[in-house]
Amino acid sequence: MTATRVLVLNSGSSSVKYQLLDMRDSSRLAVGLVERIGEETSRLKHTPLTGEAGSREREEPIADHEAALKAVAEELAADGLGLDSPELAAIGHRVVHGGLKFTTPTVIDDVVLAEIQRLVPVAPLHNPANITGIRTAQALRPDLPQVAVFDTAFHTTMPESAARYAMDVKTADEHRVRRYGFHGTSHAYVSRETAKLLGKAPEDVNVIVLHLGNGASASAVRGGKCVDTSMGLTPLEGLVMGTRSGDMDPAVIFHLARVGGMSIDEIDILLNKKSGLIGLCGDNDMREIRRRIDAGDEEAALAFDIYIHRLKKYIGAYYAVLGRVDAIAFTAGVGENAAPVREAAVAGLEELGLAVDGELNSVRSDEARLISPEYARVAVAVVPTDEELEIATQTYALVGDRNA
Ligand code: AMP
């Protein structure tokens, strides 16, 4: 029997998202999510995709990641897709921070795990959960290759001019302060799919990718390689996001500490969890914000304008960084679904060769598609992202079919 399945695990601090894929045709066999791990109200939602059966839910306390993964393994086994199957080729883990060392997907051994651990100080919210997920999966299937696919990897091609902050070099190096970028798996996938949509090789196109989800980031991709991205040392820098501020004068932090009497932890929570759209208008869901704008709500309208203003600044900046732009690609929850965001982001940029066709923009579809009019010099595209497929593809490419 050949091993063609890959289990993709995305372990957060209190959640695990998973997908089981068959790499013969990249089809999904099962998807699911464990939420609120460690709380009384944990929940597992499992959806098998091989037969007619619908989703199943478990609502029971799930104490830790080990219990979560065991529960996932039980659900998969109930569908005949157990982790003990010889058809399982590897487990692919999303790892948020790979620092400068990990530029490609990597088979995990003790040395690799120690290096991911060493990066915890620069990714305190994410890497510990990723490590727990890896350790738990290793315990379940010690014989199986486990592969780390890093969110930062795609951005390691950024030149030093884009990656360094203008600060004392010695201090920066001592504390590994530089711009790493995130959402790399999505930027890699979407930039490649955009080239495909244009009928060209990735090496031949320059693309600005706008990953607009609850977290949001932009990247400038020249010939398939990232040359700049909007997130930095952490995912806080750059665009206005659902709950994160994005760019601001760093002196705001000193001011809030000295004059506002806030602690560093309070400011951290303020800027990461209570800012961005939710800080500006109390909502972080673009659907609700648009509904409020349509009802005449000025607070929501201002939040939308601030969001668009920042987005436009990055389109302009990355246009200048790239010199020649072949396409702008919108992706993730907002980018794929919010036509008014796409329209507003490129409005008034006709001199740059950018335009959106109202009719094409209003079409709802799960497919990658162009929304610019034929005459436009730069293609504007909507390209649904698929981070799990990308992780599975990269994992399988590395590990291949062990039993072939
Ligand atoms: P993501 O982080 O990629 O899952 O994106 C989640 C965000 O996408 C939500 O917070 C919403 O703001 C946005 N979103 C999802 N569906 C829609 C929609 N139909 N229209 C507008 N925004 C949407």
For this session: Report yes if some heavy atom in the side chain of Asn361 is under 4.5 Å from a heavy atom in the side chain of Val363; otherwise report no.
Result: no

Exercise. How about Asp366: does its CG atom have over 12 heavy atoms from other parts shown lying under 6.0 Å from it?
Worked result: no

Problem set entry | Distance-only side-chain donor-acceptor flag, Thr331 / Glu336, under 3.5 Å | yes

Exercise. Just by distance, with hydrogens left out, do Asp25 and Ser27 show a side-chain donor and acceptor under 3.5 Å apart?
Worked result: yes

Exercise. What closest approach, in Å, do Val227 and Val321 show between heavy atoms, and which atom pair accounts for it?
Worked result: CG2-CG1, 4.0 Å

For this session: For Ile253 and His255, run side-chain contact (heavy atoms from CB on, under 4.5 Å): C-alpha distance rounded to whole Å, both residues' side-chain angles, the deciding distance at 0.1 Å, then the answer.
Result: CA-CA 5 Å; Ile253 297 164; His255 181 79; over 6 Å; no

For this session: Please lay out, stage by stage, how Arg287 and Asn337 fare under the test side chain to side chain donor-acceptor pair (under 3.5 Å).
Result: CA-CA 9 Å; Arg287 285 164 287 203; Asn337 296 298; over 6 Å; no

For this session: With sequence neighbours excluded, tell me which residues meet side chain to side chain contact (heavy atoms under 4.5 Å, CB included) with Asn214.
Result: Asn284

Problem set entry | Side-chain ion pair, Lys273 and Asp268, N-O less than 4.0 Å | no

Exercise. Out of Thr106, Val149, Ile134, which residue meets the side-chain contact (heavy atoms from CB on, under 4.5 Å) rule with Val95?
Worked result: Ile134

Problem set entry | Check: Val107 and Asp109 side chains under 4.5 Å, non-hydrogen atoms | no

Problem set entry | Polar side-chain atom of Arg377 near backbone of Glu351 as donor-acceptor pair, under 3.5 Å | yes

For this session: Please confirm whether the backbone N or O of Ala153 pairs with a side-chain atom of Thr156, one donor and one acceptor, at under 3.5 Å?
Result: yes

Exercise. Ion pair present between Glu60 and Arg58, side-chain N to carboxylate O less than 4.0 angstrom?
Worked result: yes

Exercise. Would you say the side chain of Val34 lies within less than 4.5 Å of the side chain of Val72, judging by non-hydrogen atoms?
Worked result: yes

Exercise. Between Val240 and Gly276, which heavy-atom pair has the shortest distance, and what is it?
Worked result: CG1-CA, 4.0 Å

Exercise. In chain order, what residues pass the side-chain hydrogen bond (donor to acceptor under 3.5 Å, both in side chains) check against Thr152, with sequence neighbours excluded?
Worked result: none

Problem set entry | Backbone of Glu75 reached by a side-chain donor or acceptor of Arg56 within 3.5 Å | yes

Exercise. Is there a side-chain contact (heavy atoms from CB on, under 4.5 Å) between Asp283 and Leu277 once you walk through the steps?
Worked result: CA-CA 6 Å; Asp283 273 306; Leu277 292 170; over 6 Å; no

Exercise. Would Glu160 and Arg178 count as a salt bridge (Lys or Arg N to Asp or Glu O under 4.0 Å) if you check the C-alpha gap in whole Å, the side-chain angles of each, and the deciding distance to 0.1 Å?
Worked result: CA-CA 9 Å; Glu160 286 294 281; Arg178 59 187 283 123; 2.7 Å; yes

Exercise. Counting only N and O atoms by type, is there a donor-acceptor contact under 3.5 Å from the side chain of Tyr396 to the main-chain atoms of Asp22?
Worked result: no

Problem set entry | Taking every non-hydrogen atom, the tightest pair across Ser372 and Val380 | OG-N, 3.0 Å

Problem set entry | Arg222 and its side-chain contact (heavy atoms from CB on, under 4.5 Å) partner, picked from Leu322, Asp228, Val325 | Leu322

Exercise. More than 12 heavy atoms of other residues, nucleotides or ligands under 6.0 Å from CD of Glu367: is that the case?
Worked result: no

Exercise. What are the two closest heavy atoms between Ala218 and Thr229, and how far apart are they?
Worked result: O-OG1, 2.8 Å

Exercise. Looking at the rings of Phe102 and His97, which for Trp means the six-membered one, are their centres under 6.0 Å apart?
Worked result: no

Exercise. Looking only at atom types and distance, does a side-chain atom of Ser85 sit under 3.5 Å from a main-chain N or O of Leu81, one as donor and one as acceptor?
Worked result: no

Problem set entry | Nearest heavy-atom neighbours spanning Val399 and Pro145 | CG1-CG, 3.6 Å

Problem set entry | Any side-chain heavy-atom pair of Leu311 and Leu210 under 4.5 Å | yes

For this session: Check step by step if side chain to side chain donor-acceptor pair (under 3.5 Å) holds for Thr41 and Arg36.
Result: CA-CA 7 Å; Thr41 57; Arg36 298 190 290 275; 3.2 Å; yes

Problem set entry | Trace of the side chain to side chain donor-acceptor pair (under 3.5 Å) decision for Ser275 with Ser245 | CA-CA 5 Å; Ser275 296; Ser245 63; 5.2 Å; no

Problem set entry | Contacts of type side chain to side chain contact (heavy atoms under 4.5 Å, CB included), residue Lys200, not counting sequence neighbours | Leu198, Val205

Exercise. Under 3.5 Å, is there a donor-acceptor pair between the His187 and Thr385 side chains?
Worked result: no

Problem set entry | Side-chain donor-acceptor contact under 3.5 Å, Ser217 with His183 | yes

Exercise. So do Val221 and Asn206 actually touch side chain to side chain, heavy atoms under 4.5 Å?
Worked result: no

Problem set entry | Presence of salt bridge, Glu237 and Arg244, under 4.0 angstrom | no

Exercise. Heavy atoms, side chains only, cut-off 4.5 Å: are Gln138 and Ile108 in contact?
Worked result: yes

Exercise. Does a salt bridge link Glu299 with Arg292, judged by any charged N lying under 4.0 Å from a carboxylate O?
Worked result: yes

Problem set entry | Arg164 and Asp173 ion-paired at < 4.0 Å | yes

Exercise. So which heavy atom on Ser55 is nearest to which on Thr47, and how close?
Worked result: OG-OG1, 2.8 Å

Exercise. Sub-3.5 Å donor-acceptor pair from the side chain of Asn130 to the main-chain atoms of Gly12, do we have one?
Worked result: no

Exercise. Where do Glu203 and Lys225 land on the salt bridge (Lys or Arg N to Asp or Glu O under 4.0 Å) test, with the steps shown first?
Worked result: CA-CA 8 Å; Glu203 298 76 46; Lys225 292 199 158 59; over 6 Å; no

For this session: Taking the side chain as every heavy atom from C-beta outward, state whether Val16 and Leu33 have any pair of such atoms under 4.5 Å apart.
Result: no

Exercise. Does any pair with a residue in residues 28-87 pass ring pair (Phe, Tyr, Trp, His ring centres under 6.0 Å), and if so which ones, sequence neighbours excluded?
Worked result: Tyr18-His46

Exercise. Quick one: does Arg141's side chain have a donor or acceptor within less than 3.5 Å of a partner on Leu83's backbone?
Worked result: yes

For this session: Could you tell me whether a side-chain N or O of Lys312 sits under 3.5 Å from a main-chain N or O of Ala347, the two making a donor and an acceptor?
Result: yes

For this session: Output every pair passing ring pair (Phe, Tyr, Trp, His ring centres under 6.0 Å) with a member in residues 350-395, not counting sequence neighbours, ordered by first then second residue.
Result: none

Problem set entry | Heavy-atom side-chain contact between Lys45 and Glu35 under 4.5 Å | no

Seminar exercise, completed: Residues pairing under ring pair (Phe, Tyr, Trp, His ring centres under 6.0 Å) where one sits in residues 264-317, two or more places apart or in two chains, turn out to be Tyr314-Tyr318

Problem set entry | Pair Arg28 + Asp386: basic N to acidic O under 4.0 Å | yes

Problem set entry | From CA spacing to verdict: side-chain contact (heavy atoms from CB on, under 4.5 Å), Arg179, Tyr165 | CA-CA 7 Å; Arg179 308 189 57 253; Tyr165 291 112; 3.3 Å; yes

Exercise. Hey, does the side chain of Ser42 reach the backbone of Pro61 with a donor-acceptor pair shorter than 3.5 angstrom?
Worked result: no

Exercise. Is a side-chain donor or acceptor of Thr234 paired with a backbone partner of Leu236 at a separation under 3.5 angstrom?
Worked result: yes

